[in-house]
Number of protein chains: 2
Amino acid sequence: MASISVNDVAAAAGVSVGTVSNVLNRPEKVSPGTVARVQAAIADLGFVRNDAARQLRDGRSRSLGLIVLDVANPFFTDVARGAEDRAAEEGLAVLLGNTDDSLAREAAYLDLFEEQRVHGVLISPLGDVGDRLTRLRARGTPTVLVDRQTEDRSFSSVAVDDVAGGRLATHHLVSIGKTRIAFVGGPISIRQVVDRLEGAREAVAKHPSVSLEIIETDALSVLAGRAAGELVLERAPGDRPDAIFAANDLLAIGVLQALNMRGELHVPRDIALIGYDDIAFAAAAVVPLSSIRQPSVLIGYTAVDLLLREAEVGDTFEHEQIVFQPELVVRESTGA
Amino acid sequence: MASISVNDVAAAAGVSVGTVSNVLNRPEKVSPGTVARVQAAIADLGFVRNDAARQLRDGRSRSLGLIVLDVANPFFTDVARGAEDRAAEEGLAVLLGNTDDSLAREAAYLDLFEEQRVHGVLISPLGDVGDRLTRLRARGTPTVLVDRQTEDRSFSSVAVDDVAGGRLATHHLVSIGKTRIAFVGGPISIRQVVDRLEGAREAVAKHPSVSLEIIETDALSVLAGRAAGELVLERAPGDRPDAIFAANDLLAIGVLQALNMRGELHVPRDIALIGYDDIAFAAAAVVPLSSIRQPSVLIGYTAVDLLLREAEVGDTFEHEQIVFQPELVVRESTGA
DNA sequence: TAGCCGAAATGAAACGTTTCATTCAGGCAT
DNA sequence: ATGCCTGAATGAAACGTTTCATTTCGGCTA
């Protein structure tokens with residue numbers, strides 16, 4: 001079955017291809033009778049516009065790319081949903097790329113999006129992609145960083161103040177009387193992890209009697225959390241921290257699973273636990289999880305919005321930096 | 001900044017466009033010296049292939065579309081991950097479309113994928129999309145149904161035996177001595193819900209002393225589960241079911257949250273609870289959740305595999321139906 | 001030396017759309 | 001009857017790639 005083109009439609013309707021295109025894109029410019037005839041032909045032949053040809057003609061696609069660290073993390077699917085909502089308002093589709101903490105995959109998705117001439121790129125960057133993004137922008141593809149700011153304001157960004165979030169979480173642990181705090185998170189190459197840890201350090205610095213140790217993980221997943229939890233469980237009781245701040249909720253849930261395994265430890269009495277992101281499952285955990293809430297859907301929505309604004313303005317030196325403030329949510333895992 | 005094309009590269013390297021294309025696609029056909037020269041020119045000019053033009057030339061894109069009911073459900077992100085793995089092996093990208101139980105969005109994604117001339121479509125269908133899919137196939141785009149079978153074998157599919165799963169779950173509840181079982185799920189327009197309920201009916205039919213009631217929800221989400229749980233909680237104690245089978249884990253988690261709210265009910269003593277999907281969070285729930293496990297990642301992987309096979313064979317009357325068997329996972333929510 | 005061969009390179013055509021300068025037809029005013 | 005105007009329709013050009021039939025050229029054989 002050969003593919004049906006505007007030519008075939010034009011022939012069937014007895015008009016020119018230009019007219020068919022007009023019916024498709026600006027029907028108000030075509031007389032009603034002709035519109036009807038063309039539409040009938042389209043239906044008859046089962047014509048479907050070829051998007052590749054359209055894209056080729058006007059230089060860019062009608063989609064935008066979103067690159068996230070982990071689709072399995074509900075935080076990012078929430079961000080994606082927000083992005084999709086705003087994009088849909090403009091008739092744009094969102095292509096979702098998942099890097100899974102791999103620099104190679106991050107690069108591969110950037111290549112793909114660049115070849116596709118996407119309308120714009122939203123990225124929660126892993127490696128140092130400044131050069132790539134600069135190149136994209138030079139080609140006319142705007143870029144917005146998600147969940148990460150640049151120090152030099154060379155890109156627009158939508159982020160949450162992770163240092164403040166880390167401070168909030170840790171201060172809370174201190175305020176309920178905990179003194180031996182462990183930060184569980186990693187790899188430390190990820191900015192979010194670094195910032196949250198930095199916040200924890202700042203909070204602890206004010207209290208000489210409180211110690212902070214770091215248990216590094218190789219991912220921000222439930223599995224990695226379980227491993228970290230088991231590590232803690234193996235220690236002599238006196239050696240264990242009395243509070244754990246996990247760099248995200250997936251880790252926290254993993255830690256919780258491990259701590260509960262033998263049934264000899266009580267959360268929060270023996271060890272208090274707080275996570276980060278406040279995903280929907282945090283409230284439903286074995287011990288409902290205290291967490292730091294981020295406006296995830298709003299982040300995605302705002303990022304696309306910013307992207308569209310940036311696209312209109314063109315290349316500019318004034319890139320906008322939007323920073324949301326995180327919020328402490330106290331539940332049983334650090335409660336009474 | 002005008003876009004750089006193969007023409008510019010050819011000019012810079014002092015060769016013809018045909019040669020540039022050969023360097024890009026089959027470098028072994030070009031002499032080493034020329035390859036080097038062309039690659040240097042590509043790097044110099046920052047040339048990036050225009051995918052739209054490429055697609056236009058060879059009629060189809062290098063991506064395939066995956067349409068799921070709910071990206072927020074970890075079951076589907078697992079499926080997506082499996083699909084992505086297999087697709088990546090072939091150098092294909094996966095476009096993820098989320099219908100959120102909306103017929104309009106399902107249709108919109110089908111339109112989009114059809115216009116994009118995707119390599120193939122994987123869909124967990126919501127409405128009756130038989131005609132659309134038939135049309136796609138007529139155009140040469142293979143289709144595989146995910147998590148749903150057709151009665152008439154007119155499409156290939158990868159599914160799990162949901163009736164068996166429903167039977168498994170319900171039989172388990174009966175076997176631990178429960179007699180007043182409630183099925184929580186909906187909308188009943190969704191095939192998975194219908195099948196799981198059917199399984200439950202079959203299991204109950206064998207035991208005259210066991211009753212089965214249906215509490216219909218308007219979605220398969222945590223929120224909908226909470227609403228259903230609250231409904232149960234409002235009833236007089238004697239009126240409540242002594243076991244709940246939720247159509248998926250998100251619902252089950254919601255139900256659990258609601259039942260635990262007042263603290264007067266004990267799961268599983270007063271009410272036993274079992275979910276479906278065995279998502280990662282099930283094991284970490286307030287009361288670790290019994291569930292029916294499906295090989296989610298494998299489903300995605302297999303579906304793409306089947307799609308590729310179908311693409312090779314071309315239109316055929318022998319469509320393959322792959323059915324996995326679900327597995328009961330017992331945890332505390334129905335345990336001792 | 002003439003003829004031939006294969007490897008390497010060439011360049012025009014084709015993919016399907018949109019745009020835009022041009023043409024056309026009919027109605028109206030002069 | 002002529003000229004002008006407007007709304008509608010036209011059709012060629014352009015977008016950037018890949019393919020493939022053709023040309024070129026250096027080396028080898030007879």
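Chain A is the first sequence line, chain B the second, and so forth, proteins listed ahead of strands; every chain is numbered from 1.
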Exercise for the section: Considering just the side-chain nitrogens and oxygens of Thr34(A), establish if one lies under 4.0 Å of OP1 or OP2 belonging to dA8(D). Expected result: no
Handout entry: Residue Thr19(A), side-chain atoms from C-beta onward, closest of dG16(D), dT18(C), dA9(D)
Key = dA9(D)
Problem - Any donor-acceptor pair under 3.5 Å from Glu310(B) side chain to Pro142(B) backbone - result: no
Problem - Terminal axis angle for the helix from dT1(C)-dA30(D) to dT30(C)-dA1(D), five pairs an end, nearest 10 degrees - result: 60°
Exercise for the section: Write down the distance between CG (Leu24(A)) and P (dG16(C)), rounded to a whole number of angstrom. Expected result: 15 Å
Practice task
May I have the distance from Arg26(B) (atom CZ) to dT17(D) (atom P), rounded to whole angstrom?
Solution key: 15 Å
For residues 297-306 of chain A, dump all side-chain donor-acceptor pairs below 3.5 Å to protein atoms at least two apart in sequence or in another chain.
| from | atom 1 | to | atom 2 | distance (Å) |
| --- | --- | --- | --- | --- |
| Tyr301(A) | OH | Glu89(A) | OE1 | 3.2 |
| Tyr301(A) | OH | Glu89(A) | OE2 | 2.9 |
| Thr302(A) | OG1 | Leu298(A) | O | 2.6 |
| Asp305(A) | OD1 | Arg86(A) | NE | 2.6 |
| Asp305(A) | OD1 | Arg86(A) | NH2 | 3.1 |
| Asp305(A) | OD2 | Arg309(A) | NH2 | 3.4 |

Practice task
Assign each of Pro32(B) and Val17(A) to its nearest nucleotide of DNA chain C by heavy atoms, then name whichever residue's nucleotide is nearer the 5' end.
Solution key: Pro32(B)
Practice task
Check whether any side-chain heavy atom of Leu220(A) sits under 4.5 Å from a side-chain heavy atom of Asp101(A), and report yes or no.
Solution key: no
Exercise for the section: Pick base, sugar-phosphate or nothing for Asn25(A), based on heavy-atom distances below 4.0 Å to the nucleic acid. Expected result: sugar-phosphate
Practice task
Indicate, with a heavy-atom threshold strictly under 4.0 Å, whether Asp58(B) touches base, sugar-phosphate, or nothing.
Solution key: nothing
Exercise for the section: Just call it for Arg60(B): base, sugar-phosphate, or nothing, with non-hydrogen atoms closer than 4.0 Å on any strand. Expected result: nothing
Exercise for the section: Using atom types as modelled and distance alone, determine if a side-chain donor or acceptor of Asn73(A) lies under 3.5 Å from a backbone N or O of Phe75(A). Expected result: yes
Completion exercise
Nearest heavy-atom approach of Arg148(B) to Leu145(B) is O-CB, 3.5 Å
Problem - Evaluation steps, side chain to side chain contact (heavy atoms under 4.5 Å, CB included), between Val71(B) and Val71(A) - result: CA-CA 9 Å; Val71(B) 268; Val71(A) 268; over 6 Å; no
Return a table of donor-acceptor pairs under 3.5 angstrom between the side chains of residues 27-36 of chain B and protein atoms on other chains or two or more places apart.
| from | atom 1 | to | atom 2 | distance (Å) |
| --- | --- | --- | --- | --- |
| Ser31(B) | OG | Thr34(B) | OG1 | 2.8 |

Completion exercise
Rounded to whole Å, CD of Gln55(A) lies from P of dC15(D) at a distance of 17 Å
Problem - Gln321(A) versus Ser157(A), side-chain donor and acceptor atoms under 3.5 Å - result: yes
Problem - Interatomic distance where CG belongs to Asn50(A) and P belongs to dT17(D) [whole Å] - result: 16 Å
N/O donor-acceptor pairs under 3.5 Å from side chains in residues 57-70 of chain A, not counting sequence neighbours:
| from | atom 1 | to | atom 2 | distance (Å) |
| --- | --- | --- | --- | --- |
| Arg60(A) | NH2 | Gly140(A) | O | 2.8 |
| Ser61(A) | OG | Ser63(A) | N | 3.1 |
| Ser61(A) | OG | Ser63(A) | OG | 3.4 |
| Asp70(A) | OD1 | Ala72(A) | N | 2.9 |

Exercise for the section: Rounded to the nearest angstrom, tell me the gap between atom CG in Leu45(B) and atom P in dG16(D). Expected result: 14 Å
Practice task
Find the distance Phe47(B):CZ to dG16(D):P and express it as a whole number of Å.
Solution key: 10 Å
Practice task
Under 4.0 Å between any heavy atoms, over every strand shown, what does Arg117(B) touch: base, sugar-phosphate, or nothing? Just pick one.
Solution key: nothing
Practice task
Tell me which residues in residues 6-15 of chain A put a heavy atom below 4.0 Å from DNA chain D, sorted by number, or none.
Solution key: Val15(A)
Exercise for the section: Give Ser5(A) one of three labels, base, sugar-phosphate or nothing, depending on what nucleic acid heavy atoms sit under 4.0 Å from its own. Expected result: sugar-phosphate
Problem - Carboxylate-amine/guanidinium proximity below 4.0 Å for Arg191(A) and Asp147(A) - result: no
Can you pull every protein N or O that's under 3.5 Å from an N or O on nucleotides 20-28 of chain D?
none

Handout entry: Sugar-phosphate, base or nothing in reach of Ser31(A), heavy atoms under 4.0 Å
Key = sugar-phosphate
Exercise for the section: May I ask you to check if Arg137(A) and Phe155(A) form a cation-pi contact, with NZ or CZ under 6.0 angstrom from the six-membered ring centre and within 45° of the axis? Expected result: yes
Fill in the blank from the handout: Separation of dG16(C) atom P from Arg54(B) atom CZ, nearest Å, is 18 Å
Exercise for the section: Round to a whole Å and report the spacing from NZ of Lys29(B) to P of dT19(D). Expected result: 13 Å
Exercise for the section: Please examine the side chains of Arg49(B) and Arg54(B), heavy atoms only from C-beta on, and report whether any two atoms are closer than 4.5 Å. Expected result: yes
Practice task
Could you walk me through whether Glu114(A) and Arg139(A) pass side chain to side chain contact (heavy atoms under 4.5 Å, CB included), step by step?
Solution key: CA-CA 9 Å; Glu114(A) 201 170 356; Arg139(A) 172 174 278 111; 2.6 Å; yes
Practice task
Spell out yes or no: do the side chain of Arg57(A) and the base of dT17(C) have one donor N/O and one acceptor N/O closer than 3.5 Å?
Solution key: no
